[in-house]
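First the structure, in the form of structure tokens, and then the observations on it.
Chain naming here is simple, since letters A, B, ... match the order of the sequence lines and numbering starts at 1 in each. Because the structure is predicted, anything quoted here is derived from the model rather than measured.
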Amino acid sequence: MHDIRALRTDPAGFDTAMARRGLAPLSAELLGLDAARRDQVTRQQDALTRRNELAKQIGTLKRKGEDTAALEDEARELRLFLDAFETQRFEIDDRLATLPNILDPDVPDGRDEADNVVLHQHGEPPRPNFAPKQHFELGEALGLMDFAAATKLAGARFTVLRGALARLERALGQWMLTLHATEHGYTETAVPYLVNAASMYGTGQLPKFEEDLFKTTDGRYLIPTAEVPLTNLVRDEIVPEAALPFRYTALSPSFRSEAGSAGRDTRGMLRQHQFHKVEMVSITRPEDSAAEHERMTGCAERVLTELGLTWRRVVLCAGDTGFSAAKTYDLEVWLPGQGAWREISSCSNCRDFQARRMNARMKPAEGKGNIFLHTLNGSGVAVGRALIAVMETHQQADGSILVPEVLRPWMGGLERIA
RNA sequence: GGAGAGGUGGCGGAGUGGUCGAUCGCGUCGGUCUCGAAAACCGAAGUACUCGCAAGGGUACCGUGGGUUCGAAUCCCACCCUCUCCGCCA
């Protein structure tokens, strides 16, 4: 949600900012809608003022037993006038709700992922002396990854894992969650996986991206990421400045309808309707969010490094940055089997965009007035994709998979999946 | 799912049609007193929108949304949530 005051102050700046998102100039239209809204509010309030006066007079006169018919007639007319406003929604609010966040100045221009900029890389893609297999080839050969069974149970874009691979998936989630909770200062949090529409609106999934969500018969939604419940913890709250920052982490399933991605990544478990993810969310003072963004991304990078993966940090260009984000770093991991870099984490600074939507503020230690918080979220990291990366990176010529050292305690000491 | 009770300002808790944005208590902040503190006393304190250069006005908000009325915290309807009991259930 945008600050309408900022738009009034600097409409040209707003248009420039939206142009980076590929949007035509909107400020003139929005200011017109804003003026219309204010005009309506003023007329409505004037009528209410008069109505309150009349009601007060009528009350006084009635107590004296005097005639109030004429005043009541005027009040009745006023009510008809007011009833006309009653059901009107303000178009300006609906329009603002669908406009994406303003990008940070250091976000590079660009149209799509081809224009993203690699910032740094950890390690070099391994060059094994055999032809590396993709994760689904390895998993099916081991008899521990079963797509046919998943299709029978649920349909396309689901996976059944068995035995050591199922345990490896669990070990990854447990280890990452514990790492963030014990060494990175995030509070481990268990959250609902079904949330209401207000929560989805707060983080920006609604109203624009409903088709990406699974909706239940009672009007709730399955979370597409734990970012939604974790960030909405501060919805409609006013927190004291001294309590900040809040850092939360959760291991949760994520449900995505993947509408519009038909035909993409259909093999294997790269793109699923359901996957586990460890999420990090930070709630900060405005002046702290940029540094927190770097810190959070570093926490995700540590996960990849400790798993012995090859990765790089990419800053998303203007055209690839998500709706609610002002700036996003993606972490891409090298998948030897696929021979490609694939996103495994995404860390975003949403600044005050989500906070405005969810009315999340802080009470400053000094001075008056409440200030909108800044919110950040990042995967730390996607568990399903981490499983893929571990399998493809640590596969051996015989099709077995070495378990990374850090996971062995979580695997009952198992060193190799064969 | 059934029956009942209830949702009021940071908290507790009054208020059942008209000067109620809301008595009071606690807590918070400022002050007086004190060497200092406590106690006591005095005072200040909600959020948002809107008009205005400003000073300063106005409007809305008593779970949410409708309705009745000249006028709603108060009456009616629906929904949400909490608590108690019963049933069912991981």
Watson-Crick or G-U wobble mate for [N], both contacts under 3.5 Å:
N: rC49(B); value: rG58(B)
N: rG65(B); value: rC77(B)
N: rA44(B); value: rU28(B)
N: rG1(B); value: rC86(B)

Let me know the distance between [atom1] of [X] and [atom2] of [N], rounded to the nearest Å.
X: Q44(A); N: rC51(B); atom1: CD; atom2: P; answer: 13 Å
X: D218(A); N: rG1(B); atom1: CG; atom2: C1'; answer: 15 Å
X: D236(A); N: rG46(B); atom1: CG; atom2: P; answer: 20 Å
X: E77(A); N: rU69(B); atom1: CD; atom2: P; answer: 15 Å
X: L61(A); N: rU19(B); atom1: CG; atom2: P; answer: 15 Å
X: K363(A); N: rU28(B); atom1: NZ; atom2: P; answer: 16 Å
X: L82(A); N: rG66(B); atom1: CG; atom2: P; answer: 14 Å
X: K62(A); N: rU19(B); atom1: NZ; atom2: P; answer: 15 Å

Checklist entry - How is R37(A) classified with respect to the nucleic acid when contacts are heavy atoms under 4.0 Å: base, sugar-phosphate, or nothing? => result sugar-phosphate

Next on the checklist: Need one value for D46(A): base, sugar-phosphate or nothing, where a base atom within 4.0 Å counts as base even if backbone is also close, heavy atoms only.
Outcome noted: nothing

Looking only at side-chain atoms of [X], point me to the closest of [options].
X: Q45(A); options: rG58(B), rA60(B), rC70(B); result: rG58(B)
X: R79(A); options: rU69(B), rG18(B), rC51(B); result: rU69(B)
X: R361(A); options: rU50(B), rA60(B), rU47(B); result: rU47(B)
X: R51(A); options: rA60(B), rU47(B), rU50(B); result: rA60(B)
X: T49(A); options: rU59(B), rU50(B), rU47(B); result: rU59(B)
X: A75(A); options: rC70(B), rC49(B), rU59(B); result: rC70(B)
X: L48(A); options: rA60(B), rC51(B), rC70(B); result: rA60(B)

So, do [X] and [Y] have ring centers that fall under 6.0 Å from each other?
X: F353(A); Y: H374(A); value: no
X: F255(A); Y: H273(A); value: no
X: Y186(A); Y: Y248(A); value: no

Checklist entry - Do V278(A) and H180(A) have side chains that get closer than 4.5 Å, going by heavy atoms? => result yes

Checklist entry - Would you say the side chain of E332(A) lies within less than 4.5 Å of the side chain of W311(A), judging by non-hydrogen atoms? => result no

Item to check | Pair F323(A)-F209(A), ring pair (Phe, Tyr, Trp, His ring centres under 6.0 Å): steps then yes or no | outcome: CA-CA 10 Å; F323(A) 179 80; F209(A) 306 104; 5.3 Å; yes

Checklist outcome for this item: Ranking E72(A) and N359(A) by the position along RNA chain B of their nearest nucleotide, the one closer to 5' is N359(A)

For atom [atom1], what is the distance between [N] and [M], given to the nearest Å?
N: rG1(B); M: rA14(B); atom1: C1'; result: 36 Å
N: rG12(B); M: rG7(B); atom1: P; result: 12 Å
N: rA72(B); M: rG87(B); atom1: P; result: 45 Å

Checklist entry - Salt bridge between E306(A) and R302(A), side-chain N to carboxylate O under 4.0 Å? => result yes

Item to check | N or O in side chain of R5(A) less than 4.0 angstrom from rC49(B) OP1/OP2 | outcome: yes

Checklist entry - N52(A) side chain N/O closer than 4.0 Å to the phosphate oxygens (OP1, OP2) of rG71(B)? => result no

